[in-house]
Amino acid sequence: MAPIKIGALAAHFGRDVDRAVLKITTIISSAAREGIDLLVLPDASLGGYINSLSNPDPAELPPTLDPDGPELAAIIAAAGNMTICIGYTELSKGLRYNAAACLTGDGILGSHRKVHQPLGESLAYAAGDHFEAFDTPVGRMGMLIDYDKTFPESARTLALDGARIIAALSAWPASVTDRASSLPNDRQSRLFDLYDAARAAENQVVLVSSNQTGVMGSLRFLGQAKIVGPGGDVLARTWSKGGLAVHEIDVDAEVDRARRGLHHLAERRVDAYPNLLQEKTGQ
C-alpha cells in the first residue's frame, strides 16, 4: 500500500452527544482538508466517560447509543473515504458496553467492546470478551480501549490476527490514588506512554493512541495522543493539551522492515508458555 497520513486526537468530550457530533464532524472536515486517511478519536467521544473509577454515579453515567443510530450515522456521513475510529457507550440487550467503532462513509468496518476493567468500572459497564482484527482501506487493523493496552495479550492477539495498525482509544486519567503536582510527572502519564511504545515494539506494528483531555467528575485526563512506529519510536504526539498528532507513514514498508531481521511474532516459543492458556497463574 502507499503511505497513509494518520491523525491521533487528544480532546475533551462531555455528556452532550449532539454537541459532540457537531464537534467531531468539524474535526473530520478539518482532517480531510489536511489529507488524513486514518483518524483515531478518543474513547467515549460520544457522551463522555464515567465520572469516577471507584464509585461511578448511576445518575451521571454516559448516555447509551445504538451503533445503528443517528449519532454514528452522522459520523459515517461525514467520513467519506477517511477511516475513523470512535468511542461511545453501546447499549445491547440491556447491557452497557464501553465500545469503539471503526468506520468509513460506507459504514462500520469493525467494532470492539472493552475487555479489561479497572477498579469500579464494572459498576458502569459490562465487559467485552474478545479481540478481533478487521480489514479497512488503510490496511488490516484492530482496536483496544483504555486498560486493554495494559495487557500484552490484547495487542498480541490482534497482531496474530494480522493487524498491522492498532488503534488504542482512551479516556485515561491521571492517577486517582497518587496524584502528582503536574501531569508529566504523574505515574499514569508514564505508564500510558510506556504501554504505547511497548505494545508497538513487541508486536512490530504501528500503534495510534488517542486520549481525552480535561476533567470529568473526579477524573483528570492525560491527553498524550501519539503515533508510534513498529520499533517503539514516537513519530508524533500532542503532550497533555488538546491537539492532533499527525504523521505520514508507509505502514507495510515499515512493518516489513522492522520484521526483516527480528520477527517477534514468528520467533515466539509457544511451547515454553503453557501457563498462558490456564485461567489462574500457578495451575
pair I6-H247: side-chain heavy atoms closer than 4.5 Å: no
salt_bridge(D37, K5) N-O dist < 4.0 Å: no
side-chain contact (heavy atoms from CB on, under 4.5 Å) evaluation trace for T89 with L65: CA-CA 6 Å; T89 298; L65 304 177; over 6 Å; no
D178 side chain to S175 side chain, donor-acceptor N/O pair below 3.5 angstrom: no
I166 side chain reached by V208 side chain, heavy atoms, under 4.5 Å: no
Side-chain touch L72/Y88, heavy atoms, less than 4.5 angstrom: yes
Exam field: side chain R15 to backbone G47, donor-acceptor pair closer than 3.5 Å: yes
Within-4.5 Å side-chain heavy-atom neighbours: T177 and R187: yes
Working for salt bridge (charged side-chain N to carboxylate O under 4.0 Å, His left out), residues D196 and R237: CA-CA 11 Å; D196 284 339; R237 64 178 303 158; over 6 Å; no
Donor-acceptor contact below 3.5 Å, side chain S218 vs main chain N51: yes
Note, F131 side chain near E153 side chain (heavy atom, < 4.5 Å): no
V17 and P63, any side-chain heavy atoms less than 4.5 Å apart: yes
Donor-acceptor side-chain pairing of Q224 and D193 below 3.5 angstrom: yes
Check: I28 main-chain N/O paired with R33 side-chain donor or acceptor under 3.5 Å: no
Residue pair Q212 / W172, side-chain donor-acceptor N/O under 3.5 Å: no
Side chains of Y49 and F13 in contact at under 4.5 Å (non-hydrogen atoms): no
Carboxylate-amine/guanidinium contact E254 R257, below 4.0 Å: yes
Minimum-distance pair of heavy atoms, taken over all atoms of L219 and I50: CD1-O, 3.5 Å
Would you be so kind as to tabulate the donor-acceptor pairs closer than 3.5 Å made by side chains of residues 101-117, with sequence neighbours excluded?
| from | atom 1 | to | atom 2 | distance (Å) |
| --- | --- | --- | --- | --- |
| T104 | OG1 | D106 | N | 3.1 |
| H112 | NE2 | D148 | OD2 | 2.8 |
| R113 | NE | E90 | OE1 | 3.2 |
| R113 | NH2 | E90 | OE2 | 2.9 |
| R113 | NH2 | S92 | OG | 3.2 |
| K114 | NZ | E121 | OE1 | 3.1 |
| K114 | NZ | E121 | OE2 | 2.8 |
| K114 | NZ | D146 | OD2 | 3.3 |
| H116 | ND1 | D148 | OD1 | 3.0 |
| Q117 | NE2 | Y125 | O | 3.0 |
| Q117 | NE2 | A126 | O | 3.4 |

R156 side chain vs E202 backbone, donor-acceptor pair below 3.5 Å: yes
